[in-house]
Amino acid sequence: MREFTYTKAADAAEAVRLAAAGARYLGGGTNLVDLMREEIERPTALVDVSGLAQGITEHPDGSVEIGAATRNTAVAAHPRIRRDYPVLARAIVSGASGQIRNAATVGGNLLQRTRCPYFYDVAARCNKREPGSGCDARQGFHRTHAVLATSAHCIATHPSDMCVALVALDAQVHILGPAGARVVAVADLYRDPGETPHLETVLGPAELITAVRLPRAVDGAVSTYRKVRDRTSYAFALVSVAAVLRVVDATVADVRIALGGVASRPWRARVAERELLGAPAEPDTFKRAAEAEFRSARPLPDNAFKVSLAPRVVADVLKGLSG
Amino acid sequence: MAHEGISTAEVTVRVNGQSRSADIDTRTSLLDLLRDRFRLTGTKWGCNQGGCGACTVLVDDQRTLSCLMLAVQADGREVTTIEGLGDAAALHRLQEAFIAHDGFQCGYCTAGQICSGVALAGEAAAGVPSVVTQDLRAETVELSVEEIRERMSGNLCRCGAHNGIVAAVSEVYGS
Amino acid sequence: MSMMQRATEALNRTLPDRDVDPLTTARRVVGQPVSRVDGPAKVTGGAAFTADVDLPGMAFASLVPSRIARGRIRRIDVTRAAAAPGVIGVVTHDNAPRMDTPVLMTLTAKGCAFIDVAPLQDDVVRWNGQAVAVVVAESQECADAAAHLVHVEYDADAARTSFGDLQSEAVFPADVLGEPPEITRGDVDGALAGAAFVVDEVYSTPQHHHMAIELHATVARWTPEGKLHVWDSTQALVRTRHSLAHAMGLPEEDVTVTCRAVGGGFGNKTVWDHQLLCVAAARVTGRPVRLALRRKDAFRMTGGRAPSRQRVALGADAAGRLRALVHDSVTGIVHENSPEQVSVPARHLYAADTYRIGQKKVVLDVVPNASMRAPGDSIGSFALESAIDELASRVGLDPIELRRRNEPAVDPTDGTRFSKRHLIEAYRRGAERFGWQERNRVPGGQRDGRWLVGHGTASAFYPYIRMPGGKVRIRITADGRAIVSAAANDMGMGTETVQVQQAAERLGLPIDRVGFEFGDTTLPESPIAAGSAQTASLVITVAAAAEELKKVLLKRVPRRSALYGLKPNDVVYRDGGLRHAGDPSRAATFEELVGEAEYVEAVGSSPMLPLEFMKYSMHGYGAHFCEVRVDAVTGETRVSRWVACIDAGRIINPKTAASQIRGAVIMGVGSALMEEGLVDRRTGRTVNASAAEYHVPVHADVCDIDVIFLDLPDPLTPMGVHGVGEIGIVGVAAAVANAVYNATGVRVRDLPITLDKIFTGSGAS
Ligand SMILES: Cc1cc2nc3c(=O)[nH]c(=O)nc-3n(C[C@H](O)[C@H](O)[C@H](O)COP(=O)(O)OP(=O)(O)OC[C@H]3O[C@@H](n4cnc5c(N)ncnc54)[C@H](O)[C@@H]3O)c2cc1C
Ligand code: FES
Ligand code: FES
């Protein structure tokens, strides 16, 4: 790990002021400290934002605001989240371990970096870590990698579970930067890898995530999260599905689906949603719609199984929610 | 240890009920602060990357991986390690149960397992759900064997003492 | 086999058997489920592991790994690293002390290294991840940061890195644990062609890693007189000393190795480069140095289990009797020492009219593989026991019945008698406990909600081994206690507890009056904790020491004593002292016998060659039963029930022994469902070198494991015991694969059985 100076920010405005060039914000540190040890991240200064806004505010319009420093466990355990946003509670507790969720912050979870083993090994070629060096995953081990919106330069996935639920919930990210505050949809926070896989989000220098806001829960909808992985717990997703569904008179009245483990970002399944809206809530429809989402998939030999696995899981989850 | 030309910071942590201070390299993890500076070597490490749980300690009563927490972040906080739970003369209930159920073999993952186990009670009482919790709305969670297995999954044991560990946690905190 | 060996063997077969150990049936302490005596220390963080050692002036080391698989270092620039804050020194091949090859782990040599070249002696890179420099600094943080500043340029050569691609280059090794690499009987290919039922399949297993939670650590200190003290997380104290002494050119008595507790070994806590690098760093810097491997270093600088590709072909007659058994296997290795003996189970498990059982090797440019819990047997049995199950379904027989019909009367390949063999009994007891009669009989035929449920069984097997040449000291103190001392290891097997128990039984004492002192080479030499042999080896040595002790004690008997004039054979240990064997009234307590002295002691040596296992076929056996649940949508597989019925001789401590079996089953389940070291064929580099990416089972993967011990003594072993550390993993992967087939109708022959293999295979929905 390279040397760095450490400062604890008293509030968001101070954090942004302190975040000079070369600085990084520090949340729970569960991803950043690991990457610094590998010298994949080499900040010269850390601005600790783990003591900033924590907790959950319930707004009169029914929306819920979660401070960026709120710990993952605290979000999942909050009675309002458990009652109105089960998909989020379930997604969070599907990730990592109890210890890690106790330390991990919402802001840090959104910005955690890929677990591609070639990204993690400084001896390997990785365009995300070292732009222009190449991608060793493409011809190497890529069983866990992305099949949607990949590029010739990168096939890494975004590893988060929580973010998949946030994308399905149409959550908004509140940002404070040197130029002021702004709001973007979580779904728009991430970039596709394209030719610049090292640019992962739309955040500018020193921009700080201050909160995440969940719109009022869809009345009458049910939601859940299903994660498929190589061991029962404490493993990243091969495929995961966050779904919110409202069925009226055996017809899909509202549906939001997001997928993890299949793309460089938490993937909103818009194609499937379009096919489903107004269609009969039946297993066949679910299956066809889910398969439609993967028509644009570009699998490689070892991860091709995701193209058939993911639609089956989506269909199964929707079946469970509608039944 | 701090050396010339290196960014340092002064930290004060309450460890096992006792306030302790040190001048440290900012890169020092809580794990290394405990082990190398405070000589509390009961806390172990198996990866230094969040992948094994051997370094689990309680920070403000929450189980935390000390390898991924910078020591500077522990400043002003309360840390409990395995040494603070009990000693050979006065074992913690869970420590006794680990012996009775043969919840360890080499004993290397044990400190982390026990710290994790001790934290389960509080988490269940606070209604923190897990991936196997059926009813998300319940105010508290009953620690069934299935719940314990899921919640202890962040603590690897390569010797394979899982049955004994789960039996011990279940005996002390189970439903 | 050499002429000499053959001659010894022939001679040995005519020798009379050793007397049965009178304690084979003793039950006062032995056989009791005693809780671990080291429990309080282990649960309070009090046990001292190597990395806990703190010496005044100790410095910290960090390694720089190579990035190529083979070639030369063109240039290595340490200027920036050496100038970095806190750095004390950098060791490369330019300034490393001269070191000899550490003594290797072989049947005959007394070392325990797996790498046959000392590190930093030249500019050659031999595998990807090998250390090319050591940075020593005042703190670990400084050392790790400076290690990144060492600049290395390489001239890479073409490397042999892909086990899969090099199959056609497989050749026979010189031997497999002293046995011919291939054995044959009859016209096996002809018999196969003419068989009523044939199974002919290829099974493969990947590289596995030990992944002990304690990382390898070494602390080295040179004394001003040039002696060396090494604290090391080793499972072979005496062999480590031998290897290191030889490498450093020191007489053995100038080297001390200490290791009070090992955080899991499983065969890989032996000598690798890092001990030599640490010793070299301490020499160059003149400071005591601690070197703890990072997790990725442990993956890339110490060896795991070799990959294998195994063809098993079985031909049976209409009744399911084996007419032909072929096991043609290949494993990947680096040199001759560790051929991963996958062909061993097939040599001893089934009676077949004709056979060809053998194994070849593919030599690779990777870190040498080590022994890993039941080396060879574990993955060899995956192939053999899967094939047996495939044959059973082809013949239409219960797989247990098929095994019964092929149960041999004598060892099927070397013709020796069995010292004991209760395999079929293990199946009977296990089947009863498991409810095998109620199993699912139609593949894919049992469903429970989203789960497809299946049942599988397979045989466990492991050779009996006793290491020769150990010594044990027994000291009786003035207060009548016994302290047994040996340079043995406890890496979680319960050595301390079990030794206290067996010595207490032997000496007629309660366990709280016996102590076991171990973990340091200044104690009497004990053999390596490997091959599940430590217990048996120590039991026989303690027995020898106890006999010596009788002589010493009897010499001290005063004239007025009731024991005066008795010979060792006349007395037995009983009730805290010695007693006339036939007359209980003639007795003296240890306190009386020690008298005014502080203590009385005697040293015993184990009988040299364990000749018994040349004359007899000596193996442990067992039957595994498991239930798996396979998600019908995703193919995710969970093991939901397990019964292991084990025939491993007399059990000294059923509590700790059951834990050994459970641990082995869990490791086997890991190999069945998730463990896979990914070696990039382009670079020879292990890609998933982390605790998060190399999956081992977590709590949620582990069900209750029901362990039954037949507890039938082997009349030819000390106290009737066998080892229990390894047998439990053998057959596990096959049992799981057989159950997965039973649940889904899909046969996976390539470990691990990940969901994509089931799912693309079944097309279930
Ligand atoms: C072994 C292991 C297993 C895991 N398994 C899973 C899993 O299964 N599923 C899953 O979802 N996750 C998993 N994780 C990842 C874990 O969820 C993340 O590490 C965690 O959420 C990151 O949060 P943090 O607060 O610790 O972030 P940090 O490590 O502190 O920061 C991460 C990044 O976010 C930036 N950052 C932090 N806060 C802010 C802010 N407010 N504004 C702007 N930037 C900010 C930091 O600069 C840094 O770049 C696992 C982690 C480990 C180590
Ligand atoms: S050492 Fe902290 S999780 Fe492994
Ligand atoms: S007891 Fe050895 S790792 Fe758990």
Side-chain angles (χ1 to χ4, degrees), chain A residues 1-4 34 36-40 42 96-97 100 115-125 136-137 139-144 159 226-236 238-241 283 287 301-317 319-320, chain C residues 65-68 84-85 128-129 140-142 144-145 147-149 294 296 300 450 631-639 669-670 673-676 678-683 685-702 752 754-760 763-765:
Chain A
M1 198 185 294
R2 301 266 174 103
E3 285 179 68
F4 57 84
D34 186 21
M36 285 167 63
R37 237 176 229 139
E38 298 298 324
E39 300 210 353
I40 294 162
R42 297 183 294 263
S97 68
I100 294 172
R115 308 299 290 205
C116 170
Y118 297 102
F119 171 75
Y120 254 85
D121 179 7
V122 293
R125 292 176 305 169
D136 268 344
Q139 312 283 322
F141 294 106
H142 53 249
R143 178 175 167 271
T144 59
R226 170 80 162 96
K227 179 175 181 180
V228 180
R229 41 186 158 175
D230 276 330
R231 66 180 172 193
T232 310
S233 190
Y234 205 16
F236 288 94
L238 292 169
V239 163
S240 69
V241 177
K287 190 147 178 280
D302 296 346
N303 65 4
F305 75 96
K306 291 189 178 183
V307 176
S308 51
L309 174 63
R312 289 153 59 101
V313 183
V314 172
D316 192 53
V317 165
K319 197 172 119 197
Chain C
S66 76
R67 294 178 173 207
I68 60 165
N128 199 325
Q140 195 66 56
E141 288 81 14
C142 288
D144 289 342
H148 282 270
L149 299 176
R294 292 164 296 198
K296 60 184 176 185
R300 298 190 179 121
R450 56 186 261 240
D631 187 301
V633 171
T634 63
E636 289 162 291
T637 300
R638 310 288 179 243
V639 172
V669 168
L673 296 180
M674 61 190 84
E675 294 187 33
E676 181 172 23
L678 302 172
V679 183
D680 195 307
R681 53 207 290 271
R682 297 163 298 180
T683 57
R685 195 165 168 90
T686 298
V687 165
N688 56 340
S690 94
E693 308 295 330
Y694 180 85
H695 287 162
V696 301
V698 298
H699 281 288
D701 292 304
V702 179
T754 49
L755 58 86
D756 41 325
K757 294 177 191 171
I758 296 176
F759 171 71
T760 49
S765 64

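Note on naming: letters A, B, ... go to the chains in the order of the sequence lines (proteins, then strands), and numbering restarts at 1 for each one. Worth knowing before you read on, the calculation uses all heavy atoms, side chains too, and leaves out hydrogens, waters and symmetry mates.
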**Study point:** Which residues share a side chain to side chain contact (heavy atoms under 4.5 Å, CB included) with C/Ala691, sequence neighbours left out
**Key:** B/Cys47, B/Gln49, C/Met211, C/Arg295
Check your understanding: Of all the residues in residues 301-310 of chain A, which have a heavy atom that comes within less than 4.5 Å of a heavy atom in chain C?
Key -> A/Phe305, A/Ser308, A/Leu309
Exercise for review: Determine whether more than 12 heavy atoms belonging to other residues, nucleotides or ligands lie under 6.0 Å from atom CZ of C/Arg638.
Suggested key: yes
Practice item. Tell me, for A/Arg37 versus chain C, whether the close heavy atoms (under 4.5 Å) come from the side chain, the backbone, both or neither. Key: backbone
**Study point:** Within-4.5 Å side-chain heavy-atom neighbours: C/Met674 and C/Val696
**Key:** no
Point to revise | Contact class of A/Arg226 relative to chain C, heavy atoms under 4.5 angstrom | key: side chain
Review point. Which residues pass the ring-ring contact (aromatic ring centres under 6.0 Å, His included) test with C/His699, sequence neighbours left out?
Key: B/His162
Practice item. Please flag which part of A/Val239 lies under 4.5 Å from any non-hydrogen atom of chain C: side chain, backbone, both or neither. Key: neither
Review point. Which answer fits C/Val669, side chain, backbone, both or neither, if we ask what part of it has an atom under 4.5 Å from a heavy atom of chain A?
Key: neither
Review point. Which bit of C/Arg294 is near chain A, if near means a heavy-atom gap under 4.5 Å: side chain, backbone, both or neither?
Key: neither
Practice item. For the residue pair A/Asp121 and C/Arg300, establish whether any side-chain heavy-atom pair is separated by less than 4.5 Å. Key: yes
**Study point:** Contact origin within A/Asp230 toward chain C - heavy atom pairs under 4.5 Å
**Key:** both
Check your understanding: Looking at C/Asp144, C/Leu678, C/Asp631, C/Thr754, which has the largest count of heavy-atom pairs under 4.5 Å with chain A?
Key -> C/Leu678
Review point. Does some side-chain heavy atom of C/Lys296 sit less than 4.5 Å from a side-chain heavy atom of A/Tyr120?
Key: no
Exercise for review: Only counting residues at least two apart or in another chain, list the ones meeting ring-ring contact (aromatic ring centres under 6.0 Å, His included) with C/Tyr694.
Suggested key: C/His209, C/Phe299
Check your understanding: How far apart are the C-alpha atoms of C/Asp680 and C/Arg685, what are their side-chain angles, what is the distance that settles it, and do they pass the salt bridge (charged side-chain N to carboxylate O under 4.0 Å, His left out) test?
Key -> CA-CA 5 Å; C/Asp680 195 307; C/Arg685 195 165 168 90; over 6 Å; no
Review point. How far apart are the closest heavy atoms of A/Glu38 and A/Val122, and which atoms are they?
Key: O-CG1, 3.6 Å
Revision key, fill the gap. Assert top hit (heavy-atom pairs under 4.5 Å, partner chain A, pool C/Arg682, C/Arg450, C/Arg67, C/Glu636) equals C/Arg682
Exercise for review: Please examine the side chains of C/Pro85 and A/Glu3, heavy atoms only from C-beta on, and report whether any two atoms are closer than 4.5 Å.
Suggested key: yes
